[in-house]
Protein chains: 2
Amino acid sequence: MALKYISNSGDKVITTREISDSKNIPYDLLSKIMQTMKNENILSSNQGSSGGYSLSKRPDEIPLYNLISAIDGNVNIAECLKESPVKDCSMTDNCSIKSPVMLLQKEVEDLFKRKTISDFV
Amino acid sequence: MALKYISNSGDKVITTREISDSKNIPYDLLSKIMQTMKNENILSSNQGSSGGYSLSKRPDEIPLYNLISAIDGNVNIAECLKESPVKDCSMTDNCSIKSPVMLLQKEVEDLFKRKTISDFV
DNA sequence: CTAAATAGGACTATGTTAGTCCACATTCAA
DNA sequence: TTGAATGTGGACTAACATAGTCCTATTTAG
């Protein structure tokens with residue numbers, strides 16, 4: 001919703017406060033999410049009194065996949081598919097359904113890579 | 001993995017113990033999952049000393065969607081899309097990205113409905 | 001009868017994540 | 001030069017979801 005808001009605001013720099021007020025999203029929470037998106041290069045920021053955020057790229061150049069990875073850390077259908085699984089499954093090495101699961105993972109990834117922020121504005 | 005095991009065992013009735021031993025899955029845990037799949041009509045069961053489980057349908061007639069709904073209760077990309085959201089989002093009614101999110105939900109659903117257990121055996 | 005199954009309720013431990021709070025750094029403009 | 005408006009970042013909490021366990025029925029073939 002925040003990215004949509006920014007997308008629809010032309011080239012203006014947008015403050016967290018403005019989005020928070022306009023969409024009734026708790027300021028502190030949104031603030032954290034904006035920071036995360038900044039750190040993951042989805043947003044650019046300007047500090048200071050007339051600062052704020054803007055998209056780092058055009059909406060159609062930001063895959064949904066990137067946004068979700070940025071915020072959730074990954075886009076995986078199963079824990080065992082994460083790059084660094086918190087808890088590795090005791091049977092990862094001889095999992096009998098590993099390859100079809102990985103195929104499905106790939107298909108989900110592709111879907112989320114085809115979608116971009118412009119599909120949500 | 002359990003469904004694959006049963007699928008590959010012909011028409012024999014398969015016990016939880018057999019799968020548990022063969023795949024090194026904790027018996028009690030697998031037991032719960034088998035019960036859930038039974039209750040959700042993915043498996044049929046026979047009680048008693050020569051009892052066990054069998055698929056209620058052919059593998060290609062069981063969509064992955066049904067399996068996941070059975071076990072997780074839903075196949076949703078967001079809490080707000082559940083039939084009975086545990087916590088309803090304060091902005092559900094004026095969510096600015098509701099319709100594209102629902103479209104994506106539909107696409108994910110379709111993918112999981114196209115996949116069946118036979119894709120995993 | 002009894003052994004081998006499924007059935008099911010209650011419980012625990014662990015991890016995740018939304019959400020909050022506070023102190024700090026940066027910038028602009030009066 | 002100062003103060004208000006902004007982003008930055010760390011630490012913390014509360015709530016919830018879920019894997020996993022334990023214990024006690026119930027069913028049924030031999």
Side-chain angles (χ1 to χ4, degrees), chain A residues 1-2 6 12-21 23-56 68-80 82 84-92, chain B residues 1-2 6 12-21 23-56 68-80 82 84-92:
Chain A
M1 291 172 67
I6 296 174
K12 255 195 312 177
V13 158
I14 303 295
T15 67
T16 300
R17 181 63 65 191
E18 180 177 347
I19 302 175
S20 150
D21 286 348
K23 295 295 168 187
N24 280 298
I25 301 168
Y27 175 81
D28 283 328
L29 177 57
L30 180 59
S31 194
K32 271 281 171 286
I33 296 170
M34 300 298 274
Q35 284 173 42
T36 302
M37 292 192 289
K38 155 72 193 326
N39 289 331
E40 300 291 329
N41 294 310
I42 287 169
L43 293 175
S44 304
S45 68
N46 301 113
Q47 282 188 312
S49 72
S50 59
Y53 293 97
S54 54
L55 293 188
S56 66
I68 297 183
S69 310
I71 292 181
D72 289 345
N74 66 85
V75 186
N76 290 312
I77 61 172
E79 173 72 21
C80 58
K82 288 186 189 172
S84 0
V86 171
K87 180 181 183 177
D88 31 49
C89 176
S90 59
M91 50 192 105
T92 296
Chain B
M1 290 173 67
I6 297 175
K12 256 195 312 178
V13 158
I14 303 295
T15 67
T16 299
R17 181 63 64 189
E18 179 176 349
I19 302 175
S20 152
D21 286 347
K23 295 295 167 187
N24 280 298
I25 301 168
Y27 176 82
D28 282 328
L29 176 58
L30 180 59
S31 192
K32 272 279 171 288
I33 296 170
M34 300 297 275
Q35 284 172 42
T36 302
M37 293 192 288
K38 156 70 195 326
N39 289 332
E40 300 290 330
N41 294 310
I42 288 169
L43 293 176
S44 305
S45 67
N46 300 111
Q47 283 187 308
S49 71
S50 58
Y53 294 97
S54 54
L55 293 188
S56 66
I68 297 182
S69 310
I71 293 181
D72 290 346
N74 65 84
V75 186
N76 290 311
I77 61 172
E79 173 72 21
C80 58
K82 289 185 189 172
S84 359
V86 170
K87 179 181 184 177
D88 32 50
C89 177
S90 59
M91 49 192 106
T92 296

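By convention in this document, chain letters (A, B, ...) are assigned in the order of the sequence lines, proteins followed by strands, and residues within each chain are numbered from 1.
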Is any side-chain nitrogen or oxygen of Thr16(B) closer than 4.0 Å to OP1 or OP2 of dT6(C)?
yes
With a 3.5 Å distance limit and no angle check, can you tell me whether Ser45(B) reaches the backbone of Tyr53(B) through a side-chain donor-acceptor pair?
no
From OH of Tyr53(A) over to C1' of dT6(D), roughly how many Å is that when rounded to an integer?
9 Å
Whole angstrom is fine here: how far is it from CD1 in Ile19(B) over to P in dA4(C)?
18 Å
Distance in angstrom units between Lys12(B) NZ and dA5(C) C1', rounded
16 Å
Please report the distance, rounded to the nearest Å, between CD in Glu79(A) and C1' in dA17(D).
14 Å
Please state how far atom CG in Asp72(A) lies from atom P in dG15(C), giving the value in whole angstrom units.
19 Å
Any donor-acceptor pair under 3.5 Å from Ser56(A) side chain to Ser44(A) backbone:
no
Just verifying a value: how many Å separate Asn74(B) CG and Lys82(B) NZ, rounded to the nearest 0.5 Å?
5.0 Å
Rounding to an integer number of Å, can you tell me how far Met1(B) CE sits from dA19(D) C1'?
16 Å
Ser20(A) and Pro26(A): which non-hydrogen atoms are nearest, and at how many Å?
OG-C, 4.4 Å
When the distance from CG of Asn74(B) to C1' of dA17(D) is rounded to whole Å, what number comes out?
12 Å
5'-most contact on DNA chain D: Thr15(A) or Pro26(B), nearest heavy atom basis?
Thr15(A)
In Å, rounded to the nearest 0.5 Å, how long is the span from OG of Ser54(B) to CG of Leu43(B)?
7.5 Å
Classify Asn39(B) by what it touches in the nucleic acid, base, sugar-phosphate, or nothing, heavy-atom distance under 4.0 Å.
sugar-phosphate
So if I define the base as every atom that isn't primed, P, OP1 or OP2, how would nucleotides 25-30 of chain D read as a B/S/- string at a heavy-atom cutoff under 4.0 Å?
--BBB-
Glu40(A) CD to Gln35(A) CD distance, which is reported to the nearest 0.5 Å:
12.5 Å
Please find the pair of heavy atoms, one from Leu30(A) and one from Thr16(A), that lie closest to each other, and give the distance.
CD2-O, 3.7 Å
Are Ile25(B) and Ile33(B) packed together at the side-chain level, in the sense that at least one heavy-atom pair is separated by less than 4.5 angstrom?
no
Do Met37(B) and Ile6(B) have side chains that approach each other closer than 4.5 Å (heavy atoms only, starting at C-beta)?
no
Residue-level proximity of residues 27-35 of chain A to DNA chain C when a heavy atom falls under 4.0 Å:
Asp28(A), Leu29(A), Lys32(A)
